[in-house]
Amino acid sequence: MIEYKNGIHIKDLLFWLDAKKKTDFSFISHAHIDHVARHKEILATEETKALYEHRLGKVKAITLGYHIPKKVKGIKVELFPSGHILGSAQILLDLAGTRIVYTGDFKLRKSLTAKRGEIKKCDILIMESTFGLPRYVFPPAEEIYYRIIDFVEKALNQRKVPVILAYSLGKAQESIKLLGDKGFRLSLHGTVYNLVKIYEEFGVKFKNYEKYHPENLKGKVLITPPWTRNHKMVQELPHKRIAFLTGWGMDNGAKYSFRADEVFPLSDHADFKELLEYAKESNPEKIYVVHGFKEFVEHLKKLGFDAEELNEGTRFDKNFNKEILVNYDLFR
Ligand SMILES: [Zn+2]
């Protein structure tokens, strides 16, 4: 019923889920670059459509809010929050009584700038598994927030510029919400700034920020995408402290591999515990796993699930090279 061909495809139907090549019609779970292509027509939330068009240009779209069941291309569908970034959605498809859920990227923990992710009961679950190894259980959000704030305060007290490296869509807005609301003054890289403006159009409010200007960084926190780490903007700052926000910060030695003074495990993905919680609560007869470690399928099998991976040729093994992932993430 489900196959993988450069995107998830419901067999015999013109219905793709996060297809990575051009199709006539694809559901787009969220606007991260690894989930989108220029399709003839998409199904997405209004927020995702706006972010998609900001990055890829105008598109013909069927837009749908959360929790509104609707027949789309002859199939009963419903979107519901995935807690990943603004507008990110999971989809429930009802195929003659068989309930299929595709999670897209998700998390179940609270987010500061996205609706909290939900779990639905289903017969077939297609789930992401980015952090599907037991060593990836994140500390409580409050503890991570505290560590980021402490890092920023200490750097400012030493008259250094705190530089927060955060993916421009999602992680950057989380850190702006966290730090701006605490009263820190923020300087935002242009890409981040433009995306903040779209978040604001959809009612997410931010404080104490301005667009980056090199002459105007004194006493401010610089929030910028990871790829700027090697650019003049960051390289030539004389007095700085660099923090990278990523779930891979759970790994030993993360600060060395990411060449940062600190790495904080702030993630917009589910951790290992949340992945298992999702599988147990949705209680499907079949689980297909995408995006992640091969070993996660074995964990699911041990728990009694009929699980298999949807092969996409880009799986990680336990010791995969994070540098590759960082480079891949630079385009987000
Ligand atoms: Zn994503």
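Note that ligands are numbered from 1 as they come in the structure, with each ligand's atoms numbered from 1 the same way. What's counted below: heavy atoms across the whole structure, side chains too, no hydrogens, waters or symmetry copies. Positions are given from 1, in the same order as the sequence printed here.
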Undergrad: Check Lys240 with Asp261, please: is the shortest side-chain N to carboxylate O separation under 4.0 Å?
TA: no
Undergrad: Could you pull out all residues at least two apart from Phe264 that satisfy ring pair (Phe, Tyr, Trp, His ring centres under 6.0 Å)?
TA: Phe151
Undergrad: Before moving on, can you tell me the angle at the Zn ion (ligand 1) between the OD2 atom of Asp105 and the ND1 atom of His32, to the nearest 10 degrees?
TA: 170°
Undergrad: Please find the N/O/S atom of His30 nearest to the Zn ion (ligand 1) and write down its name.
TA: NE2
Undergrad: Name every donor-acceptor pair, under 3.5 Å, that has one atom in a side chain of residues 179-186 and the other anywhere in the protein, sequence neighbours excluded.
TA:
from   : atom 1 : to     : atom 2 : distance (Å)
Asp181 : OD2    : Lys177 : NZ     : 2.9

Undergrad: Tell me which N, O or S atom from His84 is the closest to the Zn ion (ligand 1).
TA: NE2
Undergrad: Please determine if Lys120 forms a cation-pi arrangement with Phe80, meaning its NZ or CZ atom is less than 6.0 Å from the six-membered ring centre and no more than 45° off the ring axis.
TA: yes
